[in-house]
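Whatever order the structure lists them in is the order used to number ligands and atoms, beginning at 1.
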Amino acid sequence: MRLEGGLSCFSRFILSINMTSEEILHRLQTKRFGKNIHLFETIDSTNIYAKSLVPKNVPEGTIVIAESQTHGRGRLGRIWHSNPGKNLTFSIILQPNLSSKYVGIVSLYAGLAVSNIIGRISHLQSECKWPNDILLEGKKVCGILSEASFPQGSPMTVIIGIGLNVNQTEFPPQLKRPATSLMISCGNEFNRIDTLCEILFELETLYPLLDDAHCNIIIERWSKQSLMLGKEIEIEQSGRLSRGIAKALAEDGQLIVETPDGPMKIFAGDTTLV
Ligand code: BTN
């Protein structure tokens with residue numbers, strides 16, 4: 001739900017206080033996702049805590065959410081910065097019916113769900129950037145860190161960690177790439193609980209597509225929301241830079257790039273539009 005401008009002092013107060021599990025459950029429209037909540041004022045990383053829950057057989061769709069992370073983790077060993085109480089930093093535990101070869105599609109699925117909600121609540125065109133960033137006005141508004149494990153004899157378990165910049169208005173100058181938040185891009189504060197509940201609802205709605213037979217639909221929909229396909233990009237892989245035209249996503253979610261040396265499939269790294 002988008003909160004329109006002209007908020008009273010009271011609504012502003014409501015927007016800035018901490019979240020509670022009761023409030024989340026009260027507004028949640030899902031059947032399973034987010035029904036089991038582990039909420040922390042401060043934790044090292046919601047992904048790390050979620051991993052510790054996996055052997056305890058918590059229900060699928062369990063979420064771990066924190067107002068503040070002391071060791072928020074990003075991709076490629078980076079740190080995720082998020083000002084306490086301003087944004088959404090949470091992880092969800094899922095067990096998709098997906099072969100290990102399609103594990104790369106998990107991040108695309110989460111990116112698609114978040115991008116759909118950002119587009120809906122901001123009324124701005126949000127963009128999926130391979131492999132797992134969401135951009136608003138060309139700046140990063142959300143990052144996703146998916147971590148999978150393959151326990152013997154059980155389905156794959158994935159922890160999807162989502163960091164969405166909601167009401168933060170300033171970012172550390174040392175960030176490698178420009179960042180934005182919903183508030184910076186739209187000019188008004190957003191209710192974090194409503195935003196969380198909408199994302200969980202969208203994740204649950206798209207979840208039937210996250211299996212071997214349907215994940216091509218995720219690729220198709222993700223590709224429609226990506227501005228990079230067909231354009232020249234720079235790829236950074238372990239400090240090595242290369243350039244090429246981003247052609248398409250392969251069926252396993254890898255990026256196919258046409259380089260001067262021929263087509264190349266990329267499974268990890270960073271991409272930037274040239
Ligand atoms: C990236 O863009 O590099 C991915 C960032 C992922 C950040 C989220 S915040 C919630 C979850 N817990 C973590 O420690 N990381 C993810």
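Checked against a 3.5 angstrom limit, the closest N/O atoms of W80 and ligand 1 fall outside it. At a 3.5 angstrom cut-off on N or O pairs, H71 does not count as close to ligand 1.
Judged by distance alone, the side chains of S181 and N165 never bring a donor and an acceptor atom under 3.5 Å apart. Using modelled atom types, one finds a donor on one side chain and an acceptor on the other under 3.5 Å when comparing S185 with T180.
Of all the heavy atoms of I144, the ones lying under 4.0 Å from any atom of ligand 1 belong exclusively to the backbone. Residue I48 does not touch ligand 1, judged by heavy-atom distances below 4.0 Å.
Of the inter-residue distances, the one linking I117 atom CD1 with L196 atom CG reads 11.0 Å to the nearest 0.5 angstrom.
Not a single heavy atom of R78 sits closer than 4.0 Å to an atom of ligand 1.
Counting protein heavy atoms only, atom 2 (O) of ligand 1 is closest to K140 NZ, 2.5 Å.
F33 and Y207 have perpendicular rings, their planes meeting at more than 60° on a 0 to 90° scale where under 30° would count as parallel.
When the heavy atoms of R75, K129, R73 are ranked by distance to atom 7 (C) of ligand 1, first place goes to R73.
Among all heavy-atom pairs drawn from I160 and L94, the shortest one is CD1-CD1, 3.8 Å.
Formation of a donor-acceptor pair under 3.5 Å by the D211 side chain with backbone atoms of N97 is not found in this model.
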